[in-house]
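So that the names make sense, note that chain A is the first sequence line, chain B the second, and so on, each numbered from 1. Fair warning: this is a prediction, and the values are worked out from it, not measured in the lab.
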Amino acid sequence: MNYWLFKSEPFKFSFDMLKEKGKAGTQWDGVRNYAARNNMKAMQIGDLGFFYHSNEGLNIVGIAEVCALAHHDTTTDDPRWECVDIRAVRDVPTPPTLADIKNNPKLSEMALVRLGRLSVQPVTPEEWKEVCRMGGLNPAP
DNA sequence: GCCAACGTTGGC
DNA sequence: GCCAACGTTGGC
């Protein structure tokens with residue numbers, strides 16, 4: 001089991017919209033970055049990921065689960081681009097903000113801090129536990 | 001709205 | 001295959 005972080009602008013696709021998709025979830029399409037795509041190709045069914053709102057909110061608002069392995073992104077004809085499907089698992093009770101994360105020395109190596117523009121990021125188990133603790137999820141899922 | 005970071009493109 | 005130019009992202 002691995003941990004990840006999905007970034008989205010809430011006015012384009014928010015965590016609430018993911019929740020409305022229900023158990024079937026939705027394909028995480030539109031990613032046109034090789035590093036982000038490679039992360040998705042490495043995902044397994046049942047992997048968990050934080051759902052981060054960029055531009056507005058700047059916080060980790062929910063937890064999502066990978067429910068389909070990487071497959072062709074149907075929003076393009078280009079065979080290079082693949083994506084996984086994810087579904088909402090639960091809200092984070094007290095969403096940690098980017099500032100909170102930057103202020104936590106344990107999280108100074110997080111991709112969210114170091115590689116701000118990467119839209120799909122790996123999260124280490126230590127970072128996962130720490131962010132869950134900050135978010136009011138204890139023990140971590 | 002500005003600007004820094006960084007990925008991509010294209011000329012050589 | 002290098003590197004400058006350019007475009008996009010995203011925090012502030």
Does the pair A:Glu126 and A:Lys106 meet the rule for a salt bridge (charged side-chain N to carboxylate O under 4.0 Å, His left out), with working shown? CA-CA 9 Å; A:Glu126 292 76 22; A:Lys106 290 182 185 172; over 6 Å; no
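- Each of A:Trp128, A:Phe6, A:Phe15, A:Trp4 was scored for a ring-ring contact (aromatic ring centres under 6.0 Å, His included) with A:Phe50, with one residue passing: A:Trp128.
- Within the 4.5 Å cutoff, the side chain of A:Lys41 has heavy atoms near those of the A:Glu82 side chain.
- For the side-chain contact (heavy atoms from CB on, under 4.5 Å) test with A:Phe51, the passing option among A:Val89, A:Val61, A:Asp91 is A:Val61; the others fail.
- Note on A:Arg32 versus A:Asp73: salt bridge recorded, some NZ/NE/NH1/NH2 to OD/OE distance being below 4.0 Å.
- Using a 4.0 Å heavy-atom cutoff across all strands shown, A:Leu58 reaches sugar-phosphate atoms only and no base atom.
- For DNA chain B, the span of nucleotides reached by chain A at under 4.0 Å from its heavy atoms goes, 5' to 3', from B:dA5 to B:dT8.
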